[in-house]
Amino acid sequence: MNRTKIDEADKDFSQRAKNTIKRIPKGKVATYGQIAALAGSPRGARRVVWLLHSSSLKDKLPWHRVVNKQGEISLARGRGYEIQKQLLMGEGVTFSLDGRIDLDRFLWRPR
DNA sequence: CTCGTGACTCCCG
DNA sequence: TCGGGAGCCACGA
């Protein structure tokens, strides 16, 4: 049967989102909402979460460069937090004492 | 179909 | 600054 435009839109979102994540430069970070917006779904931050859960490993996405809008790692300690922090620090990203990333300095701003 | 869940975000008090 | 509630979207039981 034919695909609907909705199906195409969903597929399109997933592709765009993955491509967007792959475009994040080393040493920079992006927010869930930012990626969703760039992929065409301004309110789809949670879709990005699902995408990472389902494809981060399979598609080798730089998932560690995705943080929440406060510049904080959203993963719980013992469930990826330490790993992500290490990966980011390894790329030169610094954290404040309260565990936040200075987005004025590290947020990726595609042009 | 309804309900629960999640690496989100926004709004209020 | 902090916590709760609601909106958001997709997926699986």
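In what follows, chains are A, B, ... by sequence order, proteins preceding strands, each numbered from 1.
Residues satisfying the side-chain contact (heavy atoms from CB on, under 4.5 Å) test with A:Arg77, not counting sequence neighbours, are A:Tyr81, A:Glu82. Scored by the side-chain contact (heavy atoms from CB on, under 4.5 Å) test, A:Arg43 finds no partners at all (sequence neighbours excluded). Not counting sequence neighbours, the partners of A:Ser74 by the side-chain hydrogen bond (donor to acceptor under 3.5 Å, both in side chains) test are A:Asn68. By the side-chain hydrogen bond (donor to acceptor under 3.5 Å, both in side chains) test, A:Asp104 pairs with no residue at all, sequence neighbours left out.
In terms of heavy atoms, A:Leu103 sits closest to A:Gln70 at CD1-C, 4.3 Å. Contact record, A:Arg23 with A:Pro110: NH2-CB, 4.0 Å, taken as the closest heavy-atom pair.
Non-hydrogen atoms lying under 4.0 Å from DNA chain C are contributed by nothing in residues 85-111 of chain A. Using a 4.0 Å cut-off on heavy atoms, none of the residues of residues 55-82 of chain A approach DNA chain C. Within residues 17-37 of chain A, the residues that have a heavy atom under 4.0 Å from DNA chain B are, in order of number, A:Thr31, A:Tyr32, A:Gly33.
Rounded to the nearest 0.5 angstrom, A:Leu107 CG and A:Ile101 CD1 are separated by 10.0 Å.
In this structure, the side chain of A:Asp12 does not engage the main chain of A:Glu8 through any donor-acceptor pair within 3.5 Å.
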Side chains of residues 28-38 of chain A: which donor-acceptor partners sit under 3.5 Å, not counting sequence neighbours?
from	atom 1	to	atom 2	distance (Å)
A:Lys28	NZ	A:Arg105	O	3.0
A:Thr31	OG1	A:Gln34	N	3.0
A:Gln34	OE1	A:Thr31	N	3.1
A:Gln34	NE2	A:Trp108	O	2.8

Identify all side-chain donor-acceptor contacts of residues 44-55 of chain A below 3.5 Å with residues at least two apart in sequence or on another chain.
from	atom 1	to	atom 2	distance (Å)
A:Arg47	NH2	A:Asp10	OD1	3.4
A:Ser54	OG	A:Trp50	O	2.9
A:Ser54	OG	A:Leu51	O	3.2

Distance-only criterion, 3.5 Å: show the donor-acceptor pairs between side-chain atoms of residues 83-95 of chain A and protein atoms not counting sequence neighbours.
from	atom 1	to	atom 2	distance (Å)
A:Gln84	NE2	A:His64	O	2.9
A:Gln84	NE2	A:Val66	O	3.0
A:Glu91	OE1	A:Gly27	N	3.1
A:Glu91	OE1	A:Arg65	NE	3.0
A:Glu91	OE2	A:His64	NE2	3.1
A:Glu91	OE2	A:Arg65	NE	3.4
A:Glu91	OE2	A:Arg65	NH2	2.7

Produce a footprint string for nucleotides 8-13 of chain C: one letter per nucleotide, 5' end first; B if the base is under 4.0 Å from any protein heavy atom, S if only the sugar-phosphate is, - if neither. BBB---

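Residue A:Arg79 qualifies as open at atom CZ: its count of foreign heavy atoms under 6.0 Å is 12 or below.
Checking the phosphate oxygens (OP1, OP2) of B:dG6, no side-chain nitrogen or oxygen of A:His53 falls inside 4.0 Å.
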Contact list (N/O, under 3.5 angstrom) for nucleotides 11-13 of chain B vs protein:
none

Working note: A:Val67 + A:Phe106, criterion side chain to side chain contact (heavy atoms under 4.5 Å, CB included); need CA distance, chi angles, decisive distance, verdict. CA-CA 11 Å; A:Val67 299; A:Phe106 300 106; over 6 Å; no

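Here the rule is side chain to side chain contact (heavy atoms under 4.5 Å, CB included) with A:Leu61, and of A:Ile24, A:Ile21, A:Thr20 only A:Ile21 fits it.
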